[in-house]
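Each chain gets a letter, A, B and so on, in the order the sequences are listed, and its residues count up from 1.
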2 protein chains.
Amino acid sequence: MPFERLSERKKLILRAIIDDYIHSAEPVGSRSISKRHELSLSSATIRNEMADLEEMGYLEQPHTSAGRVPSDKGYRFYVDQLMEPRIPSTEEMESIRNALEGTISELSQFIRNASNVVSKVTRYTSLASAPLSKKKSLKTVQVVYIDSGKALVVGITNTGMVKNVLVKVSNILTPDMLLRVSNFLNEHLSGRTLDRIDFDLLKKSGDAIGLDYNLITPIIKGVTDCINLADDSEVFFDGATNIFNYPEFSDTVRAKEFLSMLDEKEVIQKILFSDDSNRPINIKIGRENEFEEVKDCTVVLTSYRIGNSIKGTFGIIGPTRMEYSKVISSIHYIRKKLDQEIRKLIGDIVDEE
Amino acid sequence: MPFERLSERKKLILRAIIDDYIHSAEPVGSRSISKRHELSLSSATIRNEMADLEEMGYLEQPHTSAGRVPSDKGYRFYVDQLMEPRIPSTEEMESIRNALEGTISELSQFIRNASNVVSKVTRYTSLASAPLSKKKSLKTVQVVYIDSGKALVVGITNTGMVKNVLVKVSNILTPDMLLRVSNFLNEHLSGRTLDRIDFDLLKKSGDAIGLDYNLITPIIKGVTDCINLADDSEVFFDGATNIFNYPEFSDTVRAKEFLSMLDEKEVIQKILFSDDSNRPINIKIGRENEFEEVKDCTVVLTSYRIGNSIKGTFGIIGPTRMEYSKVISSIHYIRKKLDQEIRKLIGDIVDEE
DNA sequence: TATTAGCACTCTGTTGTATTGAGTGCTAAT
DNA sequence: ATTAGCACTCAATACAACAGAGTGCTAATA
C-alpha cells in the first residue's frame with residue numbers, strides 16, 4: 001500500500017478525525033475537530049487539510065455538505081501508524097482470565113469459550129475454527145459395544161479431534177469381539193494420513209481375526225464415516241447479535257446480510273483460512289478482504305499452533321469503523337492467555353511456522 | 001380454553017380473516033373479505049360479525065380505523081378447528097428425504113441435519129435438543145494414548161453421547177498402561193448413573209492395577225470433566241435469519257430481541273423442555289408459552305424417543321402469524337422420516353412414553 | 001506565505017400541515 | 001336479517017418550509 005508522505009499536522013488531523021468517527025459514527029466536520037482537539041487551528045485550516053486528505057484517498061465525503069468519513073486506506077494508515085496502543089482494562093483482563101483459566105479441559109470446548117469471551121469483551125462478532133491439521137492422520141480407532149446389535153465407532157485424529165458414529169451391527173458380536181476388531185483396526189490404521197487408507201484391502205483381511213466379511217463391513221463403513229466427519233473443518237461464531245450495537249447495521253437489510261453471511265459455514269471458513277500471513281495479528285480492512293461479502297467489514301484474526309502441523313484461527317469481525325486499539329489489545333491478551341492455558345494443558349505450542 | 005359456540009358463518013368469516021392475515025400480514029378489513037371470499041355477504045354484515053368476534057376475543061383491532069387481526073385465542077381456534085390440513089408438496093418431501101436418508105450416521109449430526117432441513121422447509125427458525133436421558137449412565141470410558149504425556153479420555157453415555165477430554169499425564173505412562181487403566185475404569189464405572197460414582201474410592205483403589213495414585217489422578221479428573229460435559233444438555237437452532245422474512249420482525253429492535261433470545265442457551269432449553277404433553281405435535285401460541293420472551297411467537301414442537309428413557313425434541317419458532325397448516329404438515333412428515341431413519345440406524349424407537 | 005474570518009451555497013433532516021384512503025360504527029331503508 | 005349510505009377516525013403519505021451542519025472560496029490578516 002503506497003502511503004504518500006504526510007505532514008505531522010495532517011497526521012494529527014487524520015487521527016483526530018478517525019478517533020472521533022470511531023466513537024460517534026457520524027461524519028466529522030472541520031469545526032468539531034478545531035474545537036475538541038487542542039490543535040489551535042481554525043476550522044478553515046482544518047478544512048483545507050481535510051480537502052487534501054480526501055484527495056489523497058484517506059477520507060471520503062458522503063455528500064457535499066457533510067463531514068468526512070475515513071476510507072479503508074485511512075483506517076489502514078491509522079492502524080499502521082497513528083493509533084495509540086493500549087492495554088486492556090483490568091476488568092477486561094479479569095473476565096478473560098476467568099473464562100480461560102483452569103476449568104475447561106476439552107479442546108474444542110476451550111476454543112468455543114475463547115470465542116465467547118472474545119465477543120463479550122470486544123462487543124463484536126467472534127469467529128473461530130477448531131484446531132486443524134494440514135496432514136491429518138488417524139491416531140486411534142475404538143469400537144465400543146453399546147447394546148446388542150449396536151456399536152459406536154470412535155475415531156481420534158492427531159489433532160485431538162474426536163468423532164463418533166453409531167453403527168448397527170450383527171447381534172452376534174460381543175464386546176470381546178469388538179475389542180478384537182478395535183485392535184485389528186488400530187494396527188492397520190493408526191498413524192496413517194486419512195487419504196491413504198485402503199478400505200477394500202481392509203475388508204478382505206477381516207478374516208485374519210476370524211470374523212466374517214459381513215460382520216465387519218458396517219464397522220468399516222462407520223470408520224469411513226468417522227473420517228469424513230473429521231475432514232470437515234469445524235468453524236463457529238459467537239456474539240452475532242453484537243452487530244445490532246452498531247448503527248452501520250441498523251437497517252434490517254444490512255443486518256440480515258451480515259447474519260446470513262455467518263450462516264454460511266463456507267464463508268466463515270474462507271475468512272478464517274485467509275489468515276495466511278505470519279504476523280501474530282492479521283487485520284483486513286474493508287476491501288482488503290478478498291470477499292465481496294465482507295467488503296465493509298474489518299476482520300481481525302490471530303492463529304495459534306500446537307506442535308508443527310496443527311493450527312487454529314480465531315478473531316473478530318465488525319464494521320470497518322472499529323475500535324481498533326481496543327480490539328487489538330484484547331485479542332493480543334486473549335491470544336497470550338490461550339497460549340498459556342493450552343501449554344499448561346498439553347504443552348508444545350509454537351507461535352510461528 | 002373455553003370456546004363459545006360460533007355460528008357456521010362466524011367460523012367461515014374467522015377462517016377467511018386468519019387465512020388472509022397469515023398471507024398478507026396486514027389487518028384485514030370487511031370489504032376485502034366480502035369481495036375475495038364467496039360468502040356473498042355485504043361488507044356491512046361482515047363488519048357486524050367481526051365486531052362480535054372481536055368482543056368474543058378472537059380478533060383484535062390495532063386502532064379504531066384499522067382492519068382486524070387474529071388474537072392468540074383466534075389462532076388457537078383456527079388451529080384446533082378451522083384450518084385445512086395439508087400434505088407437504090412433493091418438492092418439500094423430496095428435500096426432507098434428501099437431507100435425512102442414508103448418509104448420516106452420527107446421531108447428533110443427524111439431529112442437526114434434521115434441524116437444518118426443518119428451518120429450510122418451513123422458513124422459520126428451528127430448535128432442537130440432542131437426545132437426552134433422564135437417568136444418564138456411563139456406558140464406557142476409554143483412555144487413549146495420544147502422545148508421550150498426553151492422553152484422551154473418552155466417555156460414552158447410554159444415550160450415545162460421546163464426550164472427550166484431553167489430559168496431561170505423566171510421561172512414563174505407556175499405551176499399554178493406559179489400556180489397563182481403561183479396563184479398570186470400565187469395570188468400576190460402566191453402567192453407573194452419573195451421580196452415583198464414588199471418585200474418592202476410585203482413586204484409592206488405583207494401586208489395584210499397580211499404578212501410583214498420582215499417575216491416575218489426572219485421568220480421574222478427566223473422567224469427571226467428561227461427565228460434567230455430558231450432563232450439559234446440548235441445544236441448538238438453525239435458520240435464525242429466517243425471521244427477517246417476516247414483517248413483524250422488520251424493525252431492528254424486535255429482530256435483536258429475537259436473536260438475542262436464541263443466543264441464550266437456557267431460553268432454548270426452557271422452550272424445548274416445555275414439551276411435556278403427550279401429543280405428537282405440541283403447539284404453543286403467543287402467551288400460551290409460559291415465557292415472556294416468546295410472548296408473540298408460536299412454538300411448534302415434537303419429540304421422539306429412543307428406547308424408554310432417551311428423549312429428543314425439535315421444532316420451530318416463528319411469529320404467531322404462522323402458516324400453521326404448512327408447518328404442521330412439514331413437521332409431521334419430518335418426524336415420520338426421522339423416526340424411520342433412526343429406526344434403520346439403531347432400531348427401537350418408541351413414540352409415546 | 002500561511003492562516004483565518006466571512007460568506008454564499010449545498011444538502012440533509014425535521015417539523016408542521018394538508019390530503020388521501022382504508023376502514024369502522026351506526027342508522028335507516030329494504 | 002341484511003345492506004346501502006354516511007359521518008367519523010386514524011395512519012400513512014406527500015409536500016413545503018426551515019434549521020443546521022458543513023463545505024469551498026475569497027479576501028483580509030499576521
S.K.: Given D:dC10, C:dT4, D:dT23, which nucleotide is nearest the side-chain atoms of A:Q61?
M.R.: D:dT23

S.K.: Evaluate B:R254 against B:E248 for salt bridge (Lys or Arg N to Asp or Glu O under 4.0 Å), listing each step before the verdict.
M.R.: CA-CA 8 Å; B:R254 293 286 324 273; B:E248 29 273 271; over 6 Å; no

S.K.: When the distance from NZ of B:K10 to C1' of D:dA1 is rounded to whole Å, what number comes out?
M.R.: 12 Å

S.K.: In whole angstrom, give the distance that lies between atom CG of B:D52 and atom P of C:dG25.
M.R.: 10 Å

S.K.: Once you measure the plane-to-plane angle for A:Y58 and A:F77, does it fall in the parallel (<30°), tilted (30-60°) or perpendicular (>60°) bin?
M.R.: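 Geometry flag for A:F77 against A:Y58: perpendicular rings.
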
S.K.: Looking at side-chain heavy atoms only, is the closest gap between A:R321 and A:P70 below 4.5 Å?
M.R.: no

S.K.: Once you round it to whole Å, what is the distance between C1' of C:dG23 and CD1 of B:I17?
M.R.: 13 Å

S.K.: What integer distance in Å separates B:E26:CD from D:dC10:P?
M.R.: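 That distance rounds to 19 Å.
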
S.K.: Considering only D:dG24, C:dT12, C:dT24, which nucleotide approaches the side chain of A:H63 most closely?
M.R.: C:dT12

S.K.: Starting at atom CE of B:M50, determine the distance to atom C1' of D:dT2, rounded to an integer number of angstrom.
M.R.: 17 Å

S.K.: What is the separation between atom CG on B:L53 and atom P on C:dG25, rounded to the nearest whole Å?
M.R.: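 Distance check: B:L53 CG to C:dG25 P gives 12 Å.
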
S.K.: Does A:K256 qualify as a cation-pi partner of B:F244, given the criterion of NZ or CZ under 6.0 Å from the six-membered ring centre and within 45 degrees of its axis?
M.R.: no

S.K.: Does A:T64 contact C:dT10 through a side-chain donor or acceptor facing the base, at a distance under 3.5 Å?
M.R.: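 No.
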
S.K.: Scan A:K284, A:K270, A:K295 and name whichever one has a salt bridge (Lys or Arg N to Asp or Glu O under 4.0 Å) with A:E290.
M.R.: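 With A:E290 as partner, salt bridge (Lys or Arg N to Asp or Glu O under 4.0 Å) holds for just one option, A:K284.
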
S.K.: Closer to the 5' end of DNA chain D via nearest nucleotide, is it B:P62 or B:A44?
M.R.: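 The 5'-side residue here is B:A44.
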
S.K.: Tell me which of A:G29 and B:L41 sits closer to the 5' end of DNA chain D, going by the nucleotide each one is nearest to.
M.R.: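 Checking each residue's closest nucleotide, the 5'-ward one belongs to B:L41.
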
S.K.: Whether B:T45 contacts D:dA1 is assessed here as follows: a side-chain N or O lying under 4.0 Å from the phosphate OP1 or OP2. Is that the case?
M.R.: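 Negative; the distance criterion is not met.
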
S.K.: Mind checking whether B:F314 and B:L301 have side chains closer than 4.5 Å, heavy atoms only?
M.R.: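 Not in contact.
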
S.K.: Can you check the B:K35 NZ to D:dA4 P distance for me, whole Å?
M.R.: 14 Å

S.K.: Could you state the atom-to-atom distance from CG of B:N48 to P of D:dT2 in whole Å?
M.R.: 9 Å

S.K.: Based on the rotation axes of five pairs at each end, what angle does the helix from C:dT1-D:dA30 to C:dT30-D:dA1 bend through, to 10°?
M.R.: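 It works out to 20° between the end axes.
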
S.K.: Counting only side-chain heavy atoms from C-beta out, which of D:dT3, D:dG22, C:dT3 sits nearest to A:R9?
M.R.: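 Out of D:dT3, D:dG22, C:dT3, the nucleotide with an atom closest to A:R9's side chain is C:dT3.
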
S.K.: Using the side-chain heavy atoms of B:S65, tell me which of these nucleotides is nearest: C:dG23, C:dT10, C:dT4.
M.R.: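 Shortest atom-to-atom distance from the side chain points to C:dG23.
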
S.K.: Is there side-chain contact between B:F3 and B:R76, with heavy atoms separated by less than 4.5 Å?
M.R.: yes

S.K.: Are any of A:R47's side-chain N or O atoms less than 4.0 Å away from OP1 or OP2 of D:dC25?
M.R.: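 Result: no.
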
S.K.: Please find the pair of heavy atoms, one from A:P247 and one from A:A25, that lie closest to each other, and give the distance.
M.R.: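 For A:P247 versus A:A25, the nearest heavy atoms are CG-CB, 3.6 Å.
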
S.K.: So what does A:S30 hit on the nucleic acid, given a heavy-atom distance under 4.0 Å: a base, only sugar-phosphate, or nothing?
M.R.: sugar-phosphate

